[in-house]
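Below is one structure, written out as structure tokens, with a few remarks after it.
Everything numeric in this text was worked out from a predicted model, so none of it was measured. Note on naming: letters A, B, ... go to the chains in the order of the sequence lines (proteins, then strands), and numbering restarts at 1 for each one.
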2 protein chains.
Amino acid sequence: MAKRQNPFPRSGHDHDRCVSTALAAAEEVCERSGERLTPLRRRVLELVWGSHKPIGAYAMLDQLKGDGKSAAPPTVYRALEFLLGCGLIHRIESLNAYVGCSHPGENHVTQFLICKACGTTAELDDRRLGDAIGRSAAEHGFNIVSRVIELSGTCSRCRASQPREGQSDKGVAV
Amino acid sequence: MAKRQNPFPRSGHDHDRCVSTALAAAEEVCERSGERLTPLRRRVLELVWGSHKPIGAYAMLDQLKGDGKSAAPPTVYRALEFLLGCGLIHRIESLNAYVGCSHPGENHVTQFLICKACGTTAELDDRRLGDAIGRSAAEHGFNIVSRVIELSGTCSRCRASQPREGQSDKGVAV
DNA sequence: CTCATGGACGTTATACTATAACGTTTGAGG
DNA sequence: CCTCAAACGTTATAGTATAACGTCCATGAG
Ligand SMILES: [Zn+2]
Ligand SMILES: [Zn+2]
Ligand SMILES: [Zn+2]
Ligand SMILES: [Zn+2]
């Protein structure tokens, strides 16, 4: 039962580095698979990586419009579909929002920890947990094809700073 | 590791009994908590229990309209909110749909198995699994408030009848 | 080089899901 | 009876996602 490293980003971390790492990984993933990471797709991936809070499609759309280019819902949804297909982003079902994948290119089953206070969402890839879930389903004769595991609550940082009740910039970037 | 009973309903089961059991349990839950299970709320609960497939709010709305009564979205959404609050139904986030709770009145953490072939959704209440998830989150300093665990795939019945690929009446009742 | 092909994207319209806001009814308790 | 709050009716609107069709352009076969 090895102690895992905290999947939440630290408060003062160099987020530009998160973004550039994600973009570089995306280039490589697409390179390998022969897919085209067009400027638009790359831009949408940047927007998803704008923070560690899941972001809604229409919020991205507003930012795209701000770029001076024209943009309509299909613009962003098509890019999102592509990025989801490449495993470069994940969709958070309980928020109707999207977040960058922390382990692009790696085969992984994912669980999300979503802080209701600060909105930050961390991606776990707890194999033991994934196995336990698979085993439980298999015991009932069920063959899992896809999983949605989204745990909402409060991260350690928010609990430390607000021992009782939380508010502030909560939730999805709008 | 006791063998659990299959949470999926059998194909020829007496579903009227599912419905009447659910309604009786609802009466009791509301009785106990002093809430009012009005005719409308009761009707919506019946509609949710129309099958073991999650059903969308607007599908219920159509059925309500068919009753001869007038009905608008808030009609059904208010009833759903009430039933969710009472723990009589669950929302399936990945389908934007609702399904009856198999264990109303009991304190439980829930996992859903959603058959992509037949649409039937089963509710697990695997305490071991729930504990494992709680432990994993706790290891990362995360305090879980609510959980969304939705596993999509194929149930044993559908796998038996369609060894390769599935279609038919798949998915949410529309 | 030319043209057929298919992918990416622009554009418009529409479907689907959910809530805000306000007025009316209803029923329990005083 | 009267009052009050909950439940409900009604209209409008917000928020999320996709259908359908046309254009552009890179690629590669001929
Ligand atoms: Zn970062
Ligand atoms: Zn937090
Ligand atoms: Zn049944
Ligand atoms: Zn099935």
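Here B:E46 pairs with B:R43 under the side chain to side chain donor-acceptor pair (under 3.5 Å) rule; sequence neighbours left out. Every residue was checked against the salt bridge (Lys or Arg N to Asp or Glu O under 4.0 Å) condition with A:E81, not counting sequence neighbours, and none meets it. Partners of A:T110 under the side-chain contact (heavy atoms from CB on, under 4.5 Å) rule, at least two apart in sequence or in another chain, are A:H90, A:H108, A:F112, A:E123, A:D125. Evaluation of the side-chain contact (heavy atoms from CB on, under 4.5 Å) rule for A:K65 yields A:L61, A:D62, A:A71 as partners, not counting sequence neighbours.
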Review item, nucleotides 6-12 of chain D N/O atoms under 3.5 Å of protein N/O:
| from | atom 1 | to | atom 2 | distance (Å) |
| --- | --- | --- | --- | --- |
| D:dA7 | OP1 | B:R41 | NH1 | 3.1 |
| D:dA7 | OP1 | B:R41 | NH2 | 3.2 |
| D:dA7 | O5' | B:R41 | NH2 | 3.3 |
| D:dC8 | OP1 | B:T38 | OG1 | 2.5 |
| D:dG9 | N7 | B:R78 | NH2 | 2.5 |
| D:dG9 | O6 | B:R78 | NH1 | 3.0 |
| D:dT10 | OP2 | B:S70 | OG | 2.3 |

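Contacts classified as salt bridge (charged side-chain N to carboxylate O under 4.0 Å, His left out) and involving residues 9-19 of chain A (residues at least two apart or in different chains) are not found.
Taking side-chain N and O atoms only, A:Y77 has no distance below 4.0 Å to OP1 or OP2 of C:dG10.
As rounded to whole Å, 13 Å separates atom P of D:dT16 from atom CD of B:E93. Rounded to whole Å, atom C1' of C:dC9 lies 13 Å from atom CD of A:E81. For the pair B:I92 CD1 and C:dT17 P, the computed distance is 14 Å after rounding to whole Å. For A:R42 and C:dC9, the CZ to C1' distance is 19 Å, given to the nearest whole Å. At whole-Å resolution of the value, CG in A:L37 and P in C:dA8 are 11 Å apart. In this structure, the CG atom of A:L80 is 15 Å from the C1' atom of C:dA8, given to the nearest Å. D:dG15 atom P lies 15 Å from atom CD1 of A:I55, rounded to whole Å. Atom CG of B:D62 and atom C1' of C:dC16 are 12 Å apart (whole Å).
Ring geometry, B:Y58 versus B:Y77: the interplanar angle exceeds 60°, so the pair is classed perpendicular (tilted spans 30 to 60°).
Centre separation under 5.5 Å together with a plane angle under 30° holds for the ring of B:Y58 and the six-membered base ring of C:dT17, marking them as stacked.
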